[in-house]
Amino acid sequence: MFSETLRHFACNETGRDMVVGDIHGNFSQLRRTLNMLHFSPDKGDRLFSVGDLVDRGPESDEVLTWLDKPWFHAVAGNHEFLALRRAQGNPYDVVDHLRQGGGWLDVFRPDERARLIELLLALPLAIEVETPAGLVGIIHAECPVDDWDELRSKPLRAAQLHTSLWSIERMRKGTETTIANVRAVIHGHVTVGGMRVLGNCHFIDTGGWRPTGTFTVLDLHTLKPLIGPKAEPRGKSGLVLKPRPKV
């Protein structure tokens, strides 16, 4: 349903590469965060997103503007999936998009809805970015394969698509296995108190979309947070059952 499984980005030779956790329609807070980091597209900075750009927050309609920015690159999240299905007139019956904060879509004009469908369909399920220290991947919920190279070889099956958009199994089980042939994979989807690292998977949705929340923005070259709550302990010893993963 989305345009491609994997989109590749060459190494940024001029500016910084950053990745931010789930945005959920709080683009004003994102702008404030980027201002604090002196983010500058004019100097070659690029911003990547782990998905879930829409729903819950007050500014989901701004997704049309952000997805048109040449320096902003996002993977599809489960909330993009929900919005796309409902915008196409084929809502996902398993999850009620309206109850997930999807009411913003109902005030779109027909031309805005058509543009939204076009932009969401163009999102990849995964992004890979070359860095001086090696390849870094981005997938919303969980990597559906154990070897990153498999994402290039064949289309995802339905179960793998579901894993990419919805799974919380790695976090729930505290799985420490690594994804082969990639330096790190960055995820959102599960809201954590501070960045959580399991194997080579980094979970960075720290609830910046909440009224009193703080975004985590990770430097893709160093894999260090540029801003955000203090990272939580690695592995199973740091695994807690709260806050509960969001849908």
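Residue numbers run from 1 in the order of the sequence given. Note that the structure is predicted; figures quoted are calculated from it, not measured.
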With clusters defined by side-chain heavy atoms of hydrophobic residues (ILVMFWY) lying less than 4.5 Å apart, directly or transitively, does Val94 cluster with Leu161? yes

If you count heavy atoms of other groups shown closer than 6.0 angstrom to NZ of Lys154, is the number above 12? no

If the threshold is 4.0 Å, N to carboxylate O, is there a salt bridge linking Arg109 and Asp111? yes

Taking all atoms of both residues into account, what is the closest heavy-atom pair of Leu116 and Ala87, and its distance? CD2-CB, 4.3 Å

Working to the nearest 0.5 angstrom, can you tell me the gap between Asp106 CG and Leu98 CG? 5.5 Å

In terms of hydrophobic clusters joined by side-chain contacts under 4.5 Å, are Val63 and Trp71 together? yes

Do Ser28 and Glu59 have side-chain N/O donor and acceptor atoms under 3.5 Å apart? yes

Side chain to side chain contact (heavy atoms under 4.5 Å, CB included) between Val182 and Glu128, intermediate numbers included: CA-CA 9 Å; Val182 66; Glu128 61 180 19; over 6 Å; no

Flag the pair Val19 / Ile127 as yes when at least one side-chain heavy-atom distance between them is below 4.5 Å, and no otherwise. no

Can you measure from OG1 (Thr131) to CG (Asp219) and round to the nearest 0.5 angstrom? 9.0 Å

Would you please test Met1 and Gln88 for side chain to side chain contact (heavy atoms under 4.5 Å, CB included) and show each step? CA-CA 11 Å; Met1 98 180 277; Gln88 292 174 318; 4.1 Å; yes

Separation between OG (Ser167) and NE2 (His162), nearest 0.5 Å, reads 8.0 Å

Would you call the rings of Phe2 and Phe81 parallel, tilted or perpendicular, where under 30° means parallel and over 60° means perpendicular? tilted

Show the numbers, then the answer: is there a side chain to side chain contact (heavy atoms under 4.5 Å, CB included) between Leu119 and Asp68? CA-CA 8 Å; Leu119 289 170; Asp68 264 338; 4.0 Å; yes

What distance separates His38 NE2 from Lys43 NZ, expressed to the nearest 0.5 Å? 9.0 Å

Side chain to side chain, Trp66 and Leu53, heavy atoms closer than 4.5 Å: no

Do Glu62 side-chain atoms and Phe27 backbone N/O form a donor-acceptor pair below 3.5 Å? no

Any donor and acceptor pair, going by atom type alone, linking the side chain of Asp52 with main-chain N or O of His79 inside 3.5 Å? yes

Tell me if a side-chain donor or acceptor on Glu80 pairs with a main-chain N or O of Leu120 at a distance below 3.5 Å. no

Separation between CH2 of Trp104 and NE2 of His97, rounded to the nearest 0.5 Å: 6.0 Å

N-O pairing of Arg115 and Glu118 below 4.0 Å: yes

Check: Thr206 main-chain N/O paired with Thr216 side-chain donor or acceptor under 3.5 Å: no

Give the minimum heavy-atom separation between Phe215 and Thr33, together with the two atoms involved. CD1-OG1, 3.7 Å

Ignoring hydrogens and geometry, is there a side-chain-to-backbone donor-acceptor pair from His189 to Trp166 under 3.5 Å? yes

So does Ile179 get a backbone contact from the side chain of Asn200, meaning a donor-acceptor N/O pair under 3.5 Å? yes

Keeping the roles fixed (side chain from Asp45, backbone from Arg16), state whether a donor-acceptor pair exists under 3.5 Å. yes

For the pair His73 and Phe9, name the ring-plane relationship: parallel under 30°, tilted 30 to 60°, perpendicular over 60°. tilted

Answer yes or no: is there a donor N or O on one side and an acceptor on the other, between the side chain of Arg183 and the main chain of His221, under 3.5 Å? yes

Using only atom types and a distance under 3.5 Å, with no angle test, would you say the side chain of His187 pairs donor to acceptor with the backbone of Phe203? no

For the CG atom on Asp96, are there more than 12 heavy atoms of other groups (residues, nucleotides or ligands in this structure) within a distance under 6.0 Å? yes

At what distance, to the nearest 0.5 angstrom, does CD of Glu130 lie from CG of Leu135? 6.5 Å

Are the side chains of Leu223 and Val136 in touch, meaning some heavy atoms are under 4.5 Å apart? yes

Lys/Arg N to Asp/Glu carboxylate O, Asp22 vs Arg210, below 4.0 Å: no

Taking every heavy atom of Gln100 against every heavy atom of Leu82, the minimum-distance pair comes out as CG-CD1, 4.3 Å

Closest non-hydrogen atoms of Val20 and Leu30, given as atom of the first, atom of the second and distance, are CG2-CD1, 3.9 Å

Would a single hydrophobic cluster contain both Leu64 and Leu67, if residues Ile, Leu, Val, Met, Phe, Trp and Tyr are joined by side-chain heavy-atom contacts under 4.5 Å? yes

Trp209 backbone acceptor or donor facing Asn26 side chain under 3.5 Å: yes

Heavy-atom pair with the smallest gap, counting every atom of Leu151 and Pro144: CD2-CG, 4.2 Å

Looking only at heavy atoms, which two atoms of Ala83 and Val54 are closest? And how far apart? CB-CG2, 4.3 Å

